[in-house]
Amino acid sequence: MESSSTKRPPNHHGDDDDNNAISNISLASILRTQPQAPIVIALGGNALLKRGERMTMENQRRNIAEGMEVLAPMLQKQPTTMTSPDQPSPPTIIVHGNGPQVGLLMLESASYEKATGLPQMSLDVLDAETEGMIGYLIEQELQRHLVRADENNSGGTKRGMVTVLSQIVCDPNDPAFDNPTKFVGPVYTKEESQKLGLPVKPDGNKGQYRRVVPSPRPVKLIDPQLHAIRTLVRNDCIVICAGGGGIPVVEDPEHVGRYKGIEAVIDKDRAAAMVGNELDAQGLLILTDVSAVAVNYGTKHEQRIKRVTPNALKVLMEEGHFPPGSMGPKVESVIDFLSGHAHSNDSAIRRWAVIGALKEVDQIMAGLCGTIIMPDSNTENCAVFH
């Protein structure tokens, strides 16, 4: 039931409203109609490490193996029940998080600095290291599914897979550079933090300090990498890129075509939305550890959204339903992705975004779980709840 304190966007509908077009959409039905248009899959941190788990290689390998087992039917070249009985899976780009992994490398770098007096490795280089490491782990677990698919599809085209280290251009005038807020790396005492010579802020109320870096918005991939990724996607390669939000760089004003790495962290979901827009993707699938976007989250009035238009989702965001530190960036990312297609080269493609749980991908495909965000030709403001 709807509580009296809950504001709803216009044209709110319940789950039993079969006459409303947006309430009858499943992701599988969308993919059947446009199998050649790319999709971007953004994997949350739980794909590598679940909450509270120790960051051992064994745990990460197990989690990635479980995640790839769930995703494999979407990514295999041969026809699957997840898409259509007679059509292959769409071209796919995978983006992943790297928070715990880059944090570990920063700890190692800090320990090396203490032991030798040499400066710590810069954050852009550590980002590149984690992109290679995590891409390798994803490839190892996914390739066995692709090999299995190739054996069952001996007469068809085999599917490639590659990890691309991704330099993502940021605007040097982004307001985020004036107010670093993203905590990174280990905890320091006040005395230790004062010796770093780097921006720090208190983290909690226990006299602990951590480095903070800006989190600017991604602008674009550098041109050579965008060209390479487009070529790979057109040739049906699964491309793993923009891991951890990519490697943040800014243009060198003194040298045309040269970029400099910067101490910053780009939000992974925003990077995925940007990559999707650059590649004219049909959809953005954000997979995390929650079943759907919810209003009044964590209260007795919590309700999970099943279908929603971008405008209605924006209204709910402005009402404060999606906290900045959790669901907020994901909601902003799907709105950016869908609005970024306003000037797309292919107006015939139906654009969509989905937020849901990695372990429930098969149910998301059937329209039983997750939140589908897409325009509705009948109304700008529509939300349907599970």
Side-chain angles (χ1 to χ4, degrees), residues 2 8-9 11-44 67 69-76 79-90 92 269 272 276 281-295 297 302-313 316 321-322 327 330-331 333-335 337-338 341 349-386:
E2 181 179 331
R8 300 285 194 189
N11 298 330
H12 160 61
H13 296 272
D15 186 49
D16 59 351
D17 185 0
D18 291 331
N19 294 319
N20 187 264
I22 198 172
S23 69
N24 298 317
I25 297 167
S26 71
L27 186 50
S29 67
I30 298 170
L31 293 177
R32 285 191 198 104
T33 64
Q34 43 196 39
Q36 302 306 315
I39 63 171
V40 178
I41 300 174
L43 297 176
E69 185 82 33
V70 171
L71 281 180
M74 280 189 72
L75 304 178
Q76 290 167 338
T80 73
T81 56
M82 272 198 170
T83 52
S84 168
D86 56 1
Q87 290 177 335
S89 300
T92 306
D269 295 315
Q282 62 167 300
L284 171 62
L285 176 56
I286 297 180
L287 297 175
T288 179
D289 56 358
V290 296
S291 290
V293 181
V295 296
Y297 181 74
E302 176 179 325
Q303 288 186 292
R304 294 177 296 123
I305 303 172
K306 184 176 183 180
R307 310 280 187 272
V308 65
T309 58
N311 195 63
L313 190 65
L316 291 170
H321 283 286
F322 314 124
M327 188 56 70
K330 300 182 191 310
V331 168
S333 296
V334 300
I335 291 172
F337 171 72
L338 293 169
H341 277 301
I349 295 296
R350 196 174 190 189
R351 313 291 173 179
W352 53 268
V354 173
I355 299 175
L358 173 60
K359 65 182 181 181
E360 296 172 345
V361 165
D362 57 340
Q363 297 176 71
I364 290 172
M365 293 294 293
L368 301 176
C369 289
T371 300
I372 293 184
I373 307 99
M374 63 188 306
D376 187 330
S377 59
N378 298 317
T379 177
E380 291 186 353
N381 295 288
C382 179
V384 179
F385 291 78
H386 283 283

A.B. asks: Considering only heavy atoms from C-beta outward, does the side chain of L43 approach that of L71 to under 4.5 Å?
C.D. replies: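 When only atoms from C-beta onward are counted, L71 and L43 do touch, with a gap below 4.5 Å.
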A.B. asks: Using side-chain heavy atoms (C-beta onward) and a distance below 4.5 Å, is V295 in contact with F385?
C.D. replies: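 Sidechains of F385 and V295: in contact.
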A.B. asks: Not counting sequence neighbours, which residues clear side chain to side chain donor-acceptor pair (under 3.5 Å) with T288? List them please.
C.D. replies: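 Not a single residue meets the side chain to side chain donor-acceptor pair (under 3.5 Å) criterion with T288.
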A.B. asks: From T309 OG1 over to M374 CE, what is the distance, rounded to the nearest 0.5 angstrom?
C.D. replies: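 Answer for the OG1-CE pair, T309 versus M374, is 11.0 Å.
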A.B. asks: With distance as the sole test, does Q282 use its side chain to make a donor-acceptor pair with the main-chain N or O of A37 at under 3.5 Å?
C.D. replies: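 Checked: pair present.
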A.B. asks: I need the L316 CG to H321 NE2 distance, nearest 0.5 Å.
C.D. replies: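 Spacing of CG (L316) from NE2 (H321) equals 5.5 Å.
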A.B. asks: How many angstroms lie between atom NZ of K330 and atom CZ of F322, to the nearest 0.5 angstrom?
C.D. replies: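 If I round to the nearest 0.5 Å, the distance is 13.0 Å.
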A.B. asks: Taking C-beta and beyond as the side chain, do M365 and L31 meet within less than 4.5 Å on heavy atoms?
C.D. replies: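 Yes, at least one pair of side-chain atoms sits under 4.5 Å.
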A.B. asks: I'd like to check the side chain to side chain contact (heavy atoms under 4.5 Å, CB included) partners of T92; sequence neighbours left out, ordered by chain and number.
C.D. replies: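 So T92 forms a side chain to side chain contact (heavy atoms under 4.5 Å, CB included) with I39, I41, L75, I94, R159.
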A.B. asks: Please report the shortest heavy-atom distance between R304 and S291, naming the atom on each side.
C.D. replies: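 Nearest heavy atoms, R304 then S291: NH1-CB, 4.0 Å.
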A.B. asks: Could you measure the distance from the CG atom of L284 to the CD1 atom of I355? Nearest 0.5 Å is fine.
C.D. replies: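 These two atoms lie 8.0 Å from each other.
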A.B. asks: Among V334, T371, N381, find the residue that satisfies the side-chain contact (heavy atoms from CB on, under 4.5 Å) test when tested with V308.
C.D. replies: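 Only one option passes, and that is T371.
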A.B. asks: Got R350 and T33 here, is their nearest side-chain heavy-atom distance under 4.5 Å?
C.D. replies: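 A side-chain contact under 4.5 Å is absent here.
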A.B. asks: Taking only residues two or more places apart in sequence, or in another chain, which ones meet E69 in a salt bridge (Lys or Arg N to Asp or Glu O under 4.0 Å)?
C.D. replies: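 In terms of salt bridge (Lys or Arg N to Asp or Glu O under 4.0 Å), with neighbours along the sequence ignored, E69 is linked to R144.
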A.B. asks: Please report the interatomic distance CD1(I373) to CG(L313), rounded to the nearest 0.5 Å.
C.D. replies: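 Going from the CD1 atom of I373 to the CG atom of L313 covers 6.0 Å.
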A.B. asks: How far apart are the closest heavy atoms of P310 and L338, and which atoms are they?
C.D. replies: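 Minimum heavy-atom contact is CG-CD1, 3.6 Å.
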A.B. asks: Just verifying a value: how many Å separate L368 CG and K306 NZ, rounded to the nearest 0.5 Å?
C.D. replies: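 Here the interatomic distance stands at 7.0 Å.
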A.B. asks: For residues W352 and F337, report the shortest heavy-atom separation together with the two atoms involved.
C.D. replies: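 Closest heavy-atom pair between W352 and F337: O-CE2, 3.3 Å.
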